[in-house]
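What you see below is based on every heavy atom in this structure, not just the backbone, and it leaves out hydrogens, waters and symmetry mates.
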Amino acid sequence: MSTTQIPAQTPLPIPKTIPRSEEEIAARIKALEALMIEKGIMTTDAVDRLAEIYENEVGPHLGAKVVAKAWTDPEFKARLLANATEACAELGIGGLQGEDMIAVENTDTVHNAIVCTLCSCYPWPVLGLPPNWYKAPPYRSRMVRTPRQVLRDDFGLDIPESVEIRVWDSSAELRYFVLPQRPEGTENLSEEELAQLVTRDSMIGVGQPLRPEPARS
């Protein structure tokens with residue numbers, strides 16, 4: 001069973017193939033950056049500062065910190081599911097594009113996935129900048145129509161038919177992220193070690209957390 005938390009609609013079919021490669025997109029961004037600096041719209045220092053912010057001060061490593069805290073602290077988890085924005089603020093996480101965030105929990109019977117059907121709304125403080133495939137029309141249209149197939153064919157994530165898939169449509173007003181299930185065999189790991197298992201894709205709902213490496217004898 002699959003459910004989508006958006007108004008019912010039938011998007012026009014869109015080809016699966018994304019038209020531009022990562023290299024082409026990177027080249028276009030570099031050209032645009034150079035033009036903006038040349039025209040005096042931005043400075044090299046401003047570009048470097050923005051890159052530093054999204055590499056070190058926001059991003060999936062902060063979302064992983066939130067998830068690990070929820071896995072080890074039931075009271076924090078309850079606060080996170082009740083009001084993700086306020087719970088993240090307890091850890092000093094928040095800001096632009098994260099003013100109104102909602103965490104949705106994966107369970108044994110429900111798997112959640114995130115999409116933005118209109119553009120690329122995304123909770124920057126916990127996930128950083130959205131990946132290119134998240135912004136691409138094929139993902140945005142197909143994920144709401146055939147999520148089980150998209151997860152299996154595009155991401156190698158095979159969700160059993162017995163598990164309900166819920167697709168949440170992020171917007172400028174509300175931005176969702178997934179609280180994945182804690183992997184088995186992690187009872188003795190610290191919060192910091194658990195955070196290392198949390199991936200960006202697991203917080204979008206198109207992947208699972210990493211499994212801990214077995215102890216060497």
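- Side-chain polar atoms of Q181 and D108 form a donor-acceptor pair below 3.5 angstrom.
- Listed by chain and residue number, R79 satisfy the salt bridge (Lys or Arg N to Asp or Glu O under 4.0 Å) test with E90 (two or more places apart in sequence, or in another chain).
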- Message: Let's go through K77 and E75 carefully: what are the C-alpha distance in whole Å and the side-chain angles of both, what is the deciding distance for salt bridge (charged side-chain N to carboxylate O under 4.0 Å, His left out) to 0.1 Å, and is it a yes or a no?
- Response: CA-CA 5 Å; K77 175 182 174 181; E75 293 184 356; over 6 Å; no
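- In summary, the side chains of D100 and T85 do not present any donor paired with an acceptor at a separation below 3.5 Å, with no hydrogens or angles considered.
- Counting only heavy atoms from C-beta outward, the side chains of W71 and T186 never approach each other to under 4.5 Å.
- With ring centers used as reference points, W133 lies under 6.0 Å from F155.
- Comment: R148 engages E161 in a salt bridge, judged by a side-chain N to carboxylate O separation of less than 4.0 angstrom.
- In this structure, L80 is not a member of the same hydrophobic cluster as V110, with clusters built from ILVMFWY side-chain heavy atoms closer than 4.5 Å.
- Residues L118 and I114 do not share a hydrophobic cluster, clusters being chains of Ile/Leu/Val/Met/Phe/Trp/Tyr side chains in contact below 4.5 Å.
- A search for salt bridge (Lys or Arg N to Asp or Glu O under 4.0 Å) contacts involving K65 returns nothing, not counting sequence neighbours.
- Y122 pairs in a ring pair (Phe, Tyr, Trp, His ring centres under 6.0 Å) with only one of the listed residues (W168, F177, Y134, Y176), which is Y134.
- In terms of heavy-atom proximity, L189 sits nearest to P212 at CD1-CB, 4.2 Å.
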